[in-house]
Amino acid sequence: MLELKSPTIDRSKLLPASLRDDFPILQQIVHDEHPLVFLDNAASTQRPRQVIEVLRRVYERDYANVHRGIHTLSERSTEQYEEAREKVRAFIGAEKPTEIVFTSGTTAGINLVARSWGDANVKAGDEIIVTTMEHHSNLVPWQQLAERSGAVLKHIPITDDGLLVLDTLDTLLTERTKIVAVASVSNVLGTINPVTEITRRAHAAGAVVLIDAAQSVPHLATNVREIGADFLAFSGHKMLAPTGIGVLFGREELLDAMPAFLGGGSMINRVWEDRFTPAELPAKFEAGTPPIAPAIALGAAIDYLKLIGLENVQRHEHELCRYAYERLLEVDGLRILGAPPDRRAGLVSFTLPEPHAHDIAQLLDERGIAVRAGHHCTWPLHDRLKIAASTRASFYLYNTPAEVDLLVEVVGEIRERFRPKGRKRRGGS
Ligand code: 7TS
């Protein structure tokens, strides 16, 4: 009989576990006796002391509104806010800080493009291309634009293995295609999509490209110029920063030509009773008081990630994810959604014949393990896979192989508990 090698982990690829000391929230016991195992990082990550300290310092010493007050605190806040923009620029390889618009998150960034760029450029009969694996945030805004404009929405399909059927892109792209909007990493399948290739093909057809980078910027080194992205959106809270801050990168030429989206303070150059002229970039797209302290803390999160090295974060997550993938397959009847380990970022979604994903998540929580269950805001993807829901474990730089072992052990116990009576485990032993 074929001897199956049991999965092993290469510890030389992992980050030191001492890094967990930077995350106070991880040092807790839940349900009275279980150390917290936080595997819900694709939904939102935790923050290190270094980021929390910066938030504290801003609120205890430097905080005031930006870009308006001629006083010490406003100058300090403005300087730090703009420094954070510069850190973001360098982190994603953008050419100019004017190409970095602070938003409240990925969703806000994509909606900004769909409203401002979309309403100005997309007309009845034009085409918008997305994929079957998009998060609702990169689908519904395009459905709404199609509804407003009379444009047609098309989807790049996926294989049963959760990879894009890239060959169809060339037939989907026509001279009427205005934009291709695609996730760089799927929040359910973990698939790393070939966004540079997609961008090259879309540009050859005259379309612009928006990358939903919510699940890639926190984990994989990103360079918007190498990708050739026209727009790229991501969220701070998925990369060790606070909620309420996100980034929209847009090529200057495109942002310049786009009409302002939200109207109000800060986004104007001059206002009269009956009209206004817009401010320069990026202020044109930052109406109202922005998330000042969260933006500065995003800069601190980037400092932290750079100190550890994004390539080390990526290697750590990849090793953990491969180990989790192989070990979870030991559980009888467990189905992993999507790509093989070498094509995926650090998350694994799965189903069991019994029980329902929500029950699995609740039973895992009873043992201190936090995962997400449901359709993960990817309803069409779950329809395509013919499942109602899945359970997702998603990793970040502070997770450990021992946490993966516990996850597998408890998932195995759940499987045994819900196995229909009288039925033996497949393959015995
Ligand atoms: N795009 C992708 C690929 C995402 O995974 C998410 C959030 C978003 C967009 C929206 O980001 P937001 O910060 O604007 O909310 N994804 C998830 C998730 O998978 N579980 O909870 C949130």
Side-chain angles (χ1 to χ4, degrees), residues 5-30 33-57 87-88 90-92 185 190 192 215-222 234-242 297-328 341-342 344-348 364 367-371 392-410:
K5 263 194 10 207
S6 55
T8 53
I9 189 125
D10 179 353
R11 289 184 184 270
S12 71
K13 293 187 172 161
L14 299 181
L15 290 163
S18 57
L19 189 148
R20 291 173 66 83
D21 298 344
D22 290 339
F23 293 83
I25 201 167
L26 298 178
Q27 328 290 326
Q28 65 179 294
I29 302 292
V30 288
E33 53 175 336
H34 300 293
L36 173 67
V37 173
F38 191 78
L39 301 179
D40 193 19
N41 296 289
S44 204
T45 63
Q46 302 299 347
R47 283 124 208 89
R49 256 181 242 288
Q50 290 83 340
V51 169
I52 297 167
E53 275 307 313
V54 165
L55 266 184
R56 225 178 115 97
R57 189 208 66 217
K87 287 177 187 176
V88 171
F91 193 61
I92 61 167
V185 168
I192 302 174
Q215 299 292 351
S216 64
V217 166
H219 308 278
L220 315 172
T222 301
F234 58 98
S235 302
H237 70 94
K238 292 187 200 286
M239 53 186 289
L240 312 177
L298 172 60
I302 289 174
D303 289 341
Y304 186 88
L305 286 169
K306 282 174 88 166
L307 200 68
I308 291 174
L310 217 51
E311 63 292 350
N312 297 326
V313 172
Q314 186 177 346
R315 195 170 47 229
H316 174 88
E317 286 176 11
H318 186 263
E319 185 61 8
L320 268 191
C321 181
R322 183 196 53 74
Y323 182 61
Y325 184 99
E326 290 173 8
R327 285 228 53 206
L328 278 169
D342 61 326
R344 65 164 64 220
L347 62 91
V348 185
L364 287 170
R367 297 285 292 275
I369 305 171
V371 296
R392 180 185 67 192
S394 53
F395 309 106
Y396 210 16
L397 39 78
Y398 36 66
N399 291 121
T400 66
E403 291 180 316
V404 173
D405 287 336
L406 188 68
L407 170 76
V408 175
E409 183 187 317
V410 180

### Task
Determine, step by step, whether R367 and E409 satisfy the side chain to side chain contact (heavy atoms under 4.5 Å, CB included) criterion, reporting the C-alpha distance in whole Å, the side-chain angles of both residues, the deciding distance to 0.1 Å, and the verdict.
CA-CA 11 Å; R367 297 285 292 275; E409 183 187 317; 3.8 Å; yes
#### Entry: Steps toward side-chain hydrogen bond (donor to acceptor under 3.5 Å, both in side chains) verdict (D10, Y323)
CA-CA 9 Å; D10 179 353; Y323 182 61; over 6 Å; no
### Query
Between the main-chain N or O of T45 and the side-chain N or O of K238, is there a donor-acceptor pair closer than 3.5 Å?
no
### Task
Any chance you could measure L240, atom CG, to L305, atom CG, to the nearest 0.5 Å?
4.5 Å
### Query
Could you give the distance from CG (D40) to CG (L364), rounded to the nearest 0.5 Å?
11.5 Å
### Query
Just by distance, do the side chain of T222 and the backbone of I92 share a donor-acceptor pair under 3.5 Å?
no
### Task
Determine whether M239 and L298 make a side-chain contact, defined as any pair of heavy atoms from C-beta on separated by less than 4.5 Å.
yes
### Task
Answer whether the closest heavy-atom distance between the side chains of R20 and T400 falls below 4.5 Å.
yes
### Query
Can you find a heavy atom in the side chain of D22 that is under 4.5 Å from one in the side chain of Y304?
yes
### Query
Does the side chain of E317 reach to within under 4.5 Å of the side chain of L347, using non-hydrogen atoms?
no
### Task
First locate atom CZ of F38, then atom CD1 of I25, and finally report the distance between them rounded to the nearest 0.5 Å.
7.5 Å
### Message
Minimum heavy-atom separation for V185 and A345, please, with both atom names.
### Response
CG1-CB, 3.8 Å
### Task
Of all the heavy-atom pairs spanning H237 and S44, show the shortest one and how long it is.
ND1-OG, 2.8 Å
#### Entry: Closest heavy-atom pair and its distance - A42, Q215
O-NE2, 3.0 Å
### Message
Under a 4.0 Å threshold between the charged nitrogen and the carboxylate oxygen, would R322 count as salt-bridged to E326?
### Response
yes
### Task
Say whether, by atom type as modelled, one donor and one acceptor occur between the side chain of H318 and the main chain of P341 under 3.5 angstrom.
yes
#### Entry: Heavy-atom side-chain proximity of C321 to V348 below 4.5 angstrom
yes
### Query
Taking side chain as C-beta onward, heavy atoms only, is V404 less than 4.5 Å from N399?
no
### Distance-minimising heavy-atom pair for D21 and Q27
CA-NE2, 3.9 Å
### Query
What's the spacing between L307 CG and L310 CG if we round to 0.5 Å?
12.5 Å
### Query
Just wondering, do V54 and D303 contact through their side chains at under 4.5 Å, heavy atoms?
no
### Query
T8 side chain to S6 main-chain N or O, any donor-acceptor pair under 3.5 Å?
no
### Query
Do the non-hydrogen side-chain atoms of L55 and P242 ever get within less than 4.5 Å of each other?
yes
### Task
Begin with the C-alpha distance, continue with both residues' side-chain angles, and end with the deciding distance and a verdict on ring pair (Phe, Tyr, Trp, His ring centres under 6.0 Å) for Y396 and H316.
CA-CA 8 Å; Y396 210 16; H316 174 88; 9.2 Å; no
### Query
Do you know which two heavy atoms are closest between A221 and Q314, and how far apart they sit?
N-OE1, 4.1 Å
### Query
Going from CD1 on I369 to NE2 on H34, what distance comes out if it is rounded to the nearest 0.5 angstrom?
9.0 Å
#### Entry: Approximate separation, where rounding is to 0.5 Å, of L15 CG and I308 CD1
6.0 Å
### Task
Identify the two heavy atoms, one from Q46 and one from L26, that lie closest to each other, and give their separation to 0.1 Å.
CG-CD2, 4.2 Å
